[in-house]
Amino acid sequence: MVRRTHRCGELREEHVGREVVLNGWVDVLRDQGRGLVFLDLRDRTGITQVVFESGIDGEAMTLARSLRREDVAAVRGVVRRRAGGANPRLATGSIEIEAREVEVLNRAEQPPILPDDAEAAKMDEEVRLRNRHIDLRRPRMQQILGLRSKVTRIAREYFHERGFLEVETPLLIRSTPEGARDFVVPSRLHPGEFYALPQSPQLFKQILMVAGCDRYLQICRCLRDEDPRADRQAEFSQIDLEMSFTDREEVIETMGGFARRLWKETLGVEVPEIPRMTWTEAMNRYGIDRPDVRFGLDLVDVSDLVRESPFAVFADAVRTLHRGRPGCVKAIRVPGGAAALSRKATDALGEMAKSFGLGGLPLAKVTAAGFETGVAKHLEGIAAPLRERLGLAAGDLVLFGVGRWEVVCKALAEIRLRLGRDLGLIDDSVWRFLWVVDFPMFEYDEEASRWVALHHPFTAPMPGQEPLLETDPGACLSAGYDLVLNGSEIAGGSIRIHRREIQEKVFSLIGLTAEEADAKFGFLLRALRHGAPPHGGIAFGLDRVVMHLAGTDNIRDVIAFPKTQSGADLLCDAPSAIDEAQLKELRLSVRADPTR
RNA sequence: GGGGCGGUAGCUCAAUUGGUUAGAGUACCGGCCUGUCACGCCGGUGGUUGCGGGUUCGAGUCCCGUCCGCCUCGCCA
């Protein structure tokens, strides 16, 4: 094989006159007849046009004309200015290669798909995933792979500059309670026992801090056996970090700096100092702990206004206790919504409200005189305070979420987002970063009758709040922090508990007995006994960060070999049955489906 | 586990109310073409209509089941 001297996206006018060799794939062949053939040769750097003219020997011309899409070829020739005028759509468009010699390195069968971005956009994703080896040849896919590579490179640079040590943690670990469902791996040497694949390296990185590593970095795979979504995959990657002798301020400062450097070096975007919002404000104003603050449509609580209202739907909701906690009524004012939203549109929002567990979506149009349509007549008694609190003006539409606080928040948060999108209120060109802080340590799980860690059970209380663990756990704030970008959580972390008594207290609050805690997390508790420094950290969702930078809303676009909605890898057809001998060696047997 | 959408040629799609031999573009194959770059012109090959049942004189179309893909609720400390 003739080895290449350049890659297919590199040659420019300055190379004119040079003899070069290119290797690549046949993008397309434009055969003009026996005397003239154009070949577009492609590799991941781009496309270069090669010309075969009558001057070349007949055998080479015949070979050139036999080339087909996705064949692999080598071409030797001389760079020259384009005789037929430049092609502005190609980076190499002002030059072409006058071919002297061509070698076919490998013939391709007719490809099931072509590596064409425009085609791929229309194509069934299933077909692309089955033929990922071709799909990844597309310029867009190569660009994203390159972007992802750049992100991890910048991460290593940035954190190595700041004294972080890159350490690998195990993939085969023990299954622990709490959190997502574990993927599990049977042990051959310990029949009947299983490893779990890590949901994150959380405990290992904490132990690395106890072990004196000071600052830790890992670009690691995390595995959670839960159903995927458009932005979520069972197997995903994190840029995982931990720092010793630190506090919330230092972590936020360090990680904000990383985010700013990332955006600067990948997109050339200057991200200003990242503002903060408390969890309480986020929930009250947006109904969600990762608010998209690119637009308004804030939620406004009107529970107090409707409490004495004769409208039973509202008043009863506010008076009803849901497992000990009162319900609420929250409103969204949609400026100009009376005209902007059709009956069909508001009906769709109502359906959406129901799908999120609300009874419906009461609404009314605002007029100069009062309200009309929907629940208008029930609002008359509280018209004045409602107008004042929501700032209502004629032509507005007002929507109400009624019921359990959590349900109202979740449903109105989603409805707000949909309204923002449908009404064109969201500026896609802006990057609105936000630190969400001051999370509660726990929320109470009524069904299980115990506290559940909002973040995870290794998150420390805010300094000074430790006594609340004894007196009022529900009021205790944690030293956790989430980095939110345009309504998507791209990083989350916390200052960790480094004192054994506190950790034991938290375990007992979430319902673990001392024996259970010792059985499941004894290795952590033991480590905390032997000189654990104050420490904390964070993990960036690598896939999500790359999604944002690449401008895609599909996580599969930023993973070279992603899985489908059902957890299948269509390229290698995993998962699959294993043979009897493997099962026997593991002393496993597969039971029939008990539901059949 | 629930809800929604989809599955017809390698790919993207069409096919009236259930009715002739399931069509088109593209790709592919053959021929022609000396400045193309979505090359062009002429001709041709290509189908288990996801799979299995059922209804019917007749099913891509209707019914039942099932598989696969996407979106989503639950789930995701």
Side-chain angles (χ1 to χ4, degrees), chain A residues 27-40 47-56 61 65-66 68-70 82-90 92-93 96 98 108-116 118-131 134-135 176-182 199-200 202-203 222-234 236 351-357 407 410-411 414 418 439 441-443 445 451-459 478 480 489 492 494 506 510 541 553-554 556 563-568 570 573 595-596:
Chain A
D27 196 61
V28 72
L29 194 79
R30 289 180 296 277
D31 183 347
Q32 306 298 120
R34 289 182 203 291
L36 181 66
V37 173
F38 296 100
L39 162 67
D40 283 351
I47 288 177
T48 299
Q49 174 168 289
V50 180
V51 197
F52 296 84
E53 290 173 319
S54 42
I56 198 169
M61 182 57 97
R65 296 184 76 198
S66 78
R68 293 296 178 266
R69 288 183 175 220
E70 303 310 312
R82 285 235 184 158
N87 181 350
R89 295 176 57 192
L90 289 181
T92 60
E96 62 189 9
E98 182 191 338
E109 286 178 22
Q110 180 186 349
I113 62 173
L114 290 172
D116 180 295
E119 290 286 317
K122 295 183 290 181
M123 209 176 286
D124 259 17
E125 200 176 359
E126 188 177 353
V127 179
R128 289 174 40 206
L129 292 180
R130 278 188 207 290
N131 299 284
I134 303 174
D135 190 45
T176 54
E178 299 285 308
R181 189 179 297 116
D182 280 327
Q199 299 177 23
S200 85
Q202 182 61 35
L203 295 177
C222 302
L223 301 116
R224 298 177 187 176
D225 189 4
E226 302 291 351
D227 287 6
R229 289 288 184 276
D231 65 346
R232 207 170 83 193
Q233 185 101 159
F236 63 100
E351 285 307 309
M352 199 173 158
K354 285 180 191 164
S355 79
F356 282 95
V407 178
K410 169 87 177 162
E414 295 297 333
R418 163 115 174 233
F439 291 80
M441 283 283 287
F442 307 101
E443 55 189 355
D445 182 337
W451 294 99
V452 176
L454 203 76
H455 205 89
H456 58 52
F458 319 108
T459 299
S478 83
E489 183 194 326
S494 62
V506 169
I510 63 172
D553 53 11
N554 178 351
R556 293 176 299 278
K563 292 184 173 47
T564 68
Q565 187 96 176
S566 65
L570 296 181
D573 200 24
T595 64
R596 294 196 173 219

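Predicted model only: the values in this text are computed from it and were never measured. Within every chain, numbering begins at 1; the chains are lettered A, B, ... in the order of the sequence lines, protein sequences first and strands thereafter. Just so you know, these numbers use all the heavy atoms, side chains as well, and skip hydrogens, waters and symmetry mates.
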Interatomic distance, A:Lys122 NZ vs B:A27 C1' [rounded to whole Å]: 12 Å

Tell me what A:Ala234 touches on the nucleic acid: a base, only sugar-phosphate, or nothing, going by heavy atoms under 4.0 Å. nothing

Heavy atoms under 4.0 Å, any strand shown: does A:Val452 hit a base, just sugar-phosphate, or nothing? sugar-phosphate

What contact category does A:Leu454 fall into here, base, sugar-phosphate, or nothing, at under 4.0 angstrom with non-hydrogen atoms? sugar-phosphate

Please state how far atom CG in A:Leu29 lies from atom C1' in B:C28, giving the value in whole angstrom units. 14 Å

Remember a base hit wins even if backbone is also touched, and classify A:Asn87 as base, sugar-phosphate or nothing at under 4.0 Å, heavy atoms. base

Please report the distance, rounded to the nearest Å, between CD1 in A:Ile113 and C1' in B:C28. 16 Å

Find the distance A:Arg69:CZ to B:C11:P and express it as a whole number of Å. 16 Å

Measuring only the C1' atom in each nucleotide, how far is B:C5 from B:U20? A whole number of Å is fine. 33 Å

Ignoring hydrogens and angles, tell me if any N or O in the side chain of A:Arg232 forms a donor-acceptor pair with the backbone of A:Asp227 under 3.5 Å. yes

Atom CG of A:Asn131 to atom P of B:A27: distance rounded to whole Å? 18 Å

Between the base of B:C37 and the side chain of A:Arg82, is there a donor-acceptor distance below 3.5 Å? yes

Would you measure the distance from the P atom in B:G46 across to the matching atom in B:A14 and give it in whole Å? 24 Å

Counting any heavy atom closer than 4.0 Å, what does A:Gln199 reach on the DNA or RNA strands: base, sugar-phosphate only, or nothing? nothing

Can you find an N or O donor on one side and an acceptor on the other, under 3.5 Å apart, linking the side chain of A:Arg224 with the base of B:C76? no

Any donor-acceptor pair under 3.5 Å between the side chain of A:Asp31 and the base of B:C33? yes

Can you tell whether the side chains of A:Arg130 and A:Glu126 come within less than 4.0 Å, N to carboxylate O? yes

May I ask you to say what A:Ala83 touches in the nucleic acid, namely base, sugar-phosphate or nothing, with a heavy-atom cut-off under 4.0 Å? base

Considering every strand and a 4.0 Å limit on heavy-atom distances, what is the contact class for A:Phe458: base, sugar-phosphate, or nothing? nothing

With P as the reference atom in both, quote the distance from B:G60 to B:C76 in angstrom, rounded to an integer. 46 Å

Whole Å only: how far is the CG atom of A:Asp116 from the P atom of B:C28? 12 Å

Between the main-chain N or O of A:Asp135 and the side-chain N or O of A:Arg128, is there a donor-acceptor pair closer than 3.5 Å? no

Looking across every strand, which nucleic acid part, if any, lies under 4.0 Å from A:Ser200 by heavy atom: base, sugar-phosphate, or nothing? base

Tell whether A:Glu96 reaches the base of B:G35 with its side chain through a donor-acceptor pair below 3.5 angstrom. yes

What distance, rounded to whole Å, do you find between the two P atoms, one in B:C33 and one in B:C42? 16 Å

Can you tell me the distance, in whole Å, between the CG atom of A:Asp27 and the C1' atom of B:A38? 11 Å

First encountered from the 5' end of RNA chain B, between A:Glu53 and A:Glu414: A:Glu53

In whole Å, what separates the C1' atom of B:U49 from that of B:C62? 15 Å

Have A:Asn554 and A:Glu125 got a donor and an acceptor in their side chains that come within less than 3.5 Å? yes

Counting side-chain heavy atoms from C-beta on, which of B:C76, B:C37, B:C33 comes nearest to A:Arg30? B:C37

Can we say A:Arg30 and A:Asp40 salt-bridge, meaning some charged N sits less than 4.0 Å from an Asp/Glu carboxylate O? yes

Ranking B:U72, B:C39, B:G35 by distance to the side chain of A:Val28, first place goes to B:C39

Quote, to the nearest angstrom, the P distance that separates B:G69 from B:U8. 15 Å

Name the nucleic acid region contacted by A:Gln233, choosing base, sugar-phosphate or nothing; use a 4.0 angstrom heavy-atom cut-off, strictly under. nothing

d(CZ, A:Phe52; P, B:C37) in whole Å: 18 Å

Regarding A:Arg65, tell me which of base, sugar-phosphate or nothing describes its non-hydrogen contacts under 4.0 Å with the strands shown. base

Taking only the side-chain heavy atoms of A:Gln110 (C-beta and beyond), determine which of B:C75, B:G10, B:C39 contains the nearest atom. B:G10

Inter-nucleotide C1' distance (B:C67, B:G50), Å rounded: 7 Å

Spell out, as yes or no, whether a donor-acceptor pair under 3.5 Å connects the side chain of A:Asp124 to the backbone of A:Val127. no

At under 4.0 Å between heavy atoms, what does A:Lys410 touch on the DNA or RNA strands: base, sugar-phosphate, or nothing? sugar-phosphate

So does A:Ser478 get a backbone contact from the side chain of A:Thr459, meaning a donor-acceptor N/O pair under 3.5 Å? no

Roughly how many Å apart are B:G23 and B:U45, using the P atom of each and rounding to a whole number? 12 Å

Return whichever of A:Ala568 or A:Asp231 has its heavy-atom-nearest nucleotide of RNA chain B closer to the 5' end. A:Ala568

Is there a side-chain contact between A:Gln32 and the phosphate of B:G40, meaning an N or O under 4.0 Å from OP1 or OP2? no

Within the structure shown, what part of the strands sits under 4.0 Å from A:Pro112 by heavy-atom distance: base, sugar-phosphate, or nothing? sugar-phosphate

Regarding B:G74, can its base be found pairing with the side chain of A:Asp227 as donor and acceptor, where the two atoms are less than 3.5 Å apart? yes

For B:G30 and A:Arg68 - does any side-chain N or O of the residue sit under 4.0 Å from the phosphate oxygens OP1/OP2? yes

Looking only at the side chains, is there a donor atom on one of A:Asn87 and A:Gln49 sitting less than 3.5 Å from an acceptor on the other? no

Name the nucleic acid region contacted by A:Arg229, choosing base, sugar-phosphate or nothing; use a 4.0 angstrom heavy-atom cut-off, strictly under. base

Between B:C11 and A:Arg130, is there an OP1 or OP2 to side-chain N/O distance shorter than 4.0 Å? no

All heavy atoms of A:Ala453 vs all of A:His456, minimum pair found to be CB-C, 3.6 Å

Which nucleotide wins on minimum distance to the side chain of A:Met123, given the candidates B:A27, B:U12, B:G69? B:U12

Could you tell me whether A:Gly85 contacts a base, only the sugar-phosphate backbone, or nothing, with contacts defined as non-hydrogen atoms closer than 4.0 Å? base

Using a cut-off of less than 4.0 Å, is there contact between a side-chain N or O of A:Ser355 and OP1 or OP2 of B:C73? no

Partner of B:A38 under the Watson-Crick or G-U wobble criteria, both distances under 3.5 Å, comes out as none

Using only modelled atom types and a 3.5 angstrom limit, is any donor from either the side chain of A:Glu119 or the base of B:U26 paired with an acceptor on the other? no

Does A:Arg181 offer a backbone N or O that forms a donor-acceptor pair with the side chain of A:Glu226 under 3.5 Å? yes

Per atom distances to the A:Gln565 side chain, the nearest of B:C71, B:C73, B:U12 is B:C71

